[in-house]
Number of protein chains: 2
Amino acid sequence: METRELRFFVAVAEELHFGRAAQRLGMAQPPLSRAIRQLERRLGTTLFDRDSHRVALTAAGAVLLDEGRAALDAVEAAERRTRRAGSAEPGRPGLVLAVKAGASTDLLAKLLDAYAAEPGAVAVEVILCGPGQQETILRDGRADVALLHRPFDAAAGFDTEELLTEDQVAVLPAGHPLTANDQLSLADLDDLPDLPRPRWPHPDGSYPEGPGPEVRDHTQLLQLIGLGRTLTIAPDSCRSQLREDTVAVPLRDAPRVTTVIAWPPHSRSRPVADLIRTATRL
Amino acid sequence: METRELRFFVAVAEELHFGRAAQRLGMAQPPLSRAIRQLERRLGTTLFDRDSHRVALTAAGAVLLDEGRAALDAVEAAERRTRRAGSAEPGRPGLVLAVKAGASTDLLAKLLDAYAAEPGAVAVEVILCGPGQQETILRDGRADVALLHRPFDAAAGFDTEELLTEDQVAVLPAGHPLTANDQLSLADLDDLPDLPRPRWPHPDGSYPEGPGPEVRDHTQLLQLIGLGRTLTIAPDSCRSQLREDTVAVPLRDAPRVTTVIAWPPHSRSRPVADLIRTATRL
DNA sequence: CGGCACGATACCGTACGGGTATCGCCACGT
DNA sequence: ACGTGGCGATACCCGTACGGTATCGTGCCG
């Protein structure tokens with residue numbers, strides 16, 4: 001199976017419409033139809049149930065959509081990482097690390113310092129990304145290593161090492177009545193009319209429905225908290241980054257959060273191994 | 001990047017010889033050379049250092065070899081699993097489970113029985129494979145689920161659930177002097193001139209060097225132990241399968257072995273989820 | 001210094017991927 | 001009921017890029 005065919009298939013499977021899929025692929029509809037038919041012939045299976053007015057995935061098609069996306073990610077990762085390894089003049093980033101923007105700043109600083117002191121250290125580029133995007137970025141090769149937060153980020157498919165386990169705190173506007181408590185429970189934070197939970201974008205950029213404000217990054221989030229418009233739950237170590245107009249209150253019953261360093265299981269590269277070793281020794 | 005190019009690249013990278021690689025690919029050498037050059041141009045990187053008498057991987061080439069193999073496995077897996085899902089007439093195997101031949105027989109039997117009793121259970125095909133092959137088979141899509149033994153099998157890149165942890169025993173020929181002990185240590189089994197360790201084949205089918213007998217499966221192994229030609233270390237549960245001419249002796253200091261059920265992290269399929277749920281409830 | 005092993009280059013034919021035009025089918029509207 | 005429009009399939013054409021054969025250039029070996 002060629003990646004071109006897989007890309008065709010995924011486009012049709014996502015659009016469930018040959019015309020739109022062809023448009024997305026920048027081609028005409030007939031060759032697309034033909035390519036899919038040919039793919040079906042070669043696989044010996046029909047992938048779509050279609051008449052002139054409905055296109056639907058068969059069971060086999062659903063399997064290929066899952067597996068095919070993973071395969072395309074793997075190919076894309078191979079391509080990107082090779083490109084990066086190729087253009088490795090000293091000074092250009094030899095290693096890309098994905099972290100959730102605003103999280104674990106002190107741990108991150110310690111890690112980068114310690115690694116830079118290692119013999120054979122290469123330049124590290126840090127990608128700051130929204131919650132839940134590190135997995136994607138690590139999977140498709142834009143990053144080589146990531147810092148994830150269990151149990152919130154899925155580390156499925158990666159090798160990991162635990163670095164740090166912390167309690168969580170509620171981050172609230174300074175002066176809010178709840179800040180009078182020296183401890184809170186998760187239930188206290190549910191359904192507060194004045195402090196609805198913020199809404200983070202999905203991977204596709206769309207926002208879920210709800211009353212809370214839409215946020216894109218942690219700076220924005222902290223500003224909104226300071227303005228008394230929302231609240232958030234964060235690892236204890238976030239205290240060091242709080243502004244004067246926000247307050248952290250320990251949570252009695254929030255799950256403890258573990259920061260782990262994650263990497264694709266076949267990374268045999270020297271810099272990745274060095275960085276991981278450095279991290280585990282912190 | 002197309003999978004065809006990746007296959008070309010991997011062939012050359014493994015042979016380090018354009019002529020032989022072309023032969024392996026069933027094509028002539030010139031188009032292969034050209035395809036590699038073109039791949040290098042598109043990636044903007046040289047992948048091989050070559051003159052007329054030596055071909056060697058560059059750093060970028062080494063990266064692409066690792067990542068490319070993984071990507072090809074993923075594509076192959078997508079293809080195989082789709083084919084399997086497509087030809088799913090009731091009766092044909094809907095689920096393939098890879099287990100190390102001869103290991104965990106009783107656990108396996110319980111699992112298969114329990115799963116068969118589930119509503120919505122599909123036919124399960126069991127693949128018996130040599131040690132260390134389950135990962136490959138699971139990765140390239142010939143199996144959907146595998147039973148692995150930690151810490152011996154690498155579960156890197158898969159999701160896992162622990163099922164059972166056991167101590168290990170030494171399996172020896174009946175009547176051998178060592179069987180007089182009611183406990184042994186690993187050191188007692190090293191460098192026994194009369195009982196050299198068996199040699200298992202590598203994934204490519206070749207055998208490592210050494211004095212021990214070459215074995216392909218556990219039946220053969222047990223027979224050779226019975227004949228007093230070798231010994232092995234195995235989980236406690238293997239006792240139920242021993243022959244009369246072999247004896248198990250507990251090991252004081254062998255690492256405990258954990259049987260885990262493993263699956264590719266993106267399996268969203270109903271039968272896989274059912275089987276895993278069944279396994280964790282045993 | 002001649003022979004050889006090997007990768008690169010040159011050149012050619014063909015098969016396949018993509019485009020345009022058109023058909024066939026079904027749902028819907030009036 | 002019939003016309004219309006939307007959509008996937010089919011028919012046909014064309015360009016390109018992939019693979020094959022022949023040959024070259026080069027460095028190693030005897």
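Just so it is clear: chains get the letters A, B, ... in the order the sequence lines come, proteins before strands, and each one is counted from 1.
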Which nucleotide in dA8(C), dC18(D), dG17(C) has an atom nearest any side-chain atom of R34(A):
dG17(C)

Touch class at under 4.0 angstrom, heavy-atom based, for F8(B) against every strand present:
sugar-phosphate

Between C1' on dT10(D) and CZ on R41(A), what's the gap in Å once rounded to a whole number?
14 Å

Interface polar pairs with nucleotides 22-28 of chain C, N/O, under 3.5 angstrom:
from: dC26(C); atom 1: O2; to: H53(A); atom 2: NE2; distance (Å): 3.0

Quick one, which residues of residues 54-62 of chain A touch DNA chain D with a heavy atom under 4.0 Å?
V55(A)

Side chain of H17(A) (C-beta onward), nearest among dC7(D), dC18(D), dG20(D)
dC7(D)

Which of these nucleotides, dG19(C), dA8(C), dG8(D), is closest to any side-chain atom of R37(B)?
dA8(C)

Any R50(B) side-chain nitrogen or oxygen under 4.0 Å from OP1 or OP2 of dC6(C)
no

What nucleotide, of dG8(D), dA8(C), dG18(C), holds the atom closest to the side chain of M27(A)?
dG18(C)

With a cut-off of less than 4.0 Å, is there a side-chain N or O of S33(A) near OP1 or OP2 of dA9(D)?
yes

Using a 4.0 Å heavy-atom cut-off across all strands, classify E2(B) as base, sugar-phosphate, or nothing.
nothing

Determine whether a donor-acceptor pair (N or O, by modelled atom type, separation under 3.5 Å) exists between the side chain of T160(B) and the backbone of I261(B).
no

